Amino acid sequence: MLGMIDEYEFRMTKTQLDSITEEIDFGIVSSFRIGNYPKHQASSKGKESFTLSGTLLMQSIKELETLKELGRKQEPVVLSLPSLPTIQVKMMNLSISKSNFLKTGEHLEQGFTLKLERYEK
């Protein structure tokens with residue numbers, strides 16, 4: 001198992017997870033001043049976000065339906081990855097691309113990008 005989002009598992013045999021990107025924003029903003037150096041200050045608490053990208057090859061067309069349904073609920077979900085402690089995240093965006101079509105209109109390859117943001121109460 002490569003990771004989980006609630007009940008959805010990323011496995012080597014089913015879901016090919018190509019990359020995991022973690023981005024940390026420390027909440028620092030810059031304001032420019034005429035004839036002087038920019039001023040930097042903390043305007044908010046930082047935020048942490050994750051981007052999971054992958055490809056499904058010759059899988060069921062409905063393979064990503066579980067992720068779609070989790071996102072439509074607009075509730076926090078649990079993210080479990082081997083390299084991170086288990087945390088709660090909000091699903092912000094799910095992009096799906098389809099390619100390598102057959103004459104019948106079915107696709108052989110399905111790519112996805114899932115954007116998550118750490119959930120803080």
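The analysis underlying the following values was restricted to heavy atoms, covering all of them including side chains, and did not include hydrogens, waters or symmetry mates. Just so you know, these numbers come straight off a predicted model, no measurement behind them.
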What's the shortest heavy-atom distance between [X] and [Y], and which atoms?
X	Y	answer
S43	V29	OG-CG1, 3.4 Å
T55	F112	N-CE2, 4.0 Å
K90	Q74	NZ-O, 2.9 Å
M92	L116	CG-C, 4.3 Å

Give the C-alpha distance, both sets of side-chain angles, the deciding distance and a yes or no for side chain to side chain contact (heavy atoms under 4.5 Å, CB included) between T86 and V78. CA-CA 7 Å; T86 301; V78 176; 3.2 Å; yes
Kindly indicate, with the supporting measurements, whether the criterion side chain to side chain contact (heavy atoms under 4.5 Å, CB included) is fulfilled by T51 and E23. CA-CA 8 Å; T51 303; E23 184 177 327; over 6 Å; no
How many angstroms lie between [atom1] in [X] and [atom2] in [Y], if you round to the nearest 0.5 Å?
X	Y	atom1	atom2	answer
I20	S83	CD1	OG	5.5 Å
K39	S30	NZ	OG	11.5 Å
S49	R118	OG	CZ	11.5 Å
E106	K98	CD	NZ	11.5 Å
K115	N93	NZ	CG	5.5 Å
S80	I87	OG	CD1	9.0 Å

Can you find a pair of side-chain heavy atoms, one from [X] and one from [Y], that are under 4.5 Å apart?
X	Y	value
F50	T21	no
L102	L108	yes
L56	L64	yes
V77	V89	yes

Would you kindly confirm whether L84 and L114 end up in one hydrophobic cluster when ILVMFWY residues are joined by side chain heavy atoms under 4.5 Å apart? yes
Shared hydrophobic cluster, Y119 / L81 (ILVMFWY, side-chain heavy atoms < 4.5 Å): no
Taking side-chain contact (heavy atoms from CB on, under 4.5 Å) as the criterion, tell me which of E48, K47, M91 meets it with E117. K47
Step by step, work out the side chain to side chain contact (heavy atoms under 4.5 Å, CB included) result for I96 and K68. CA-CA 10 Å; I96 299 171; K68 288 181 188 178; 3.4 Å; yes
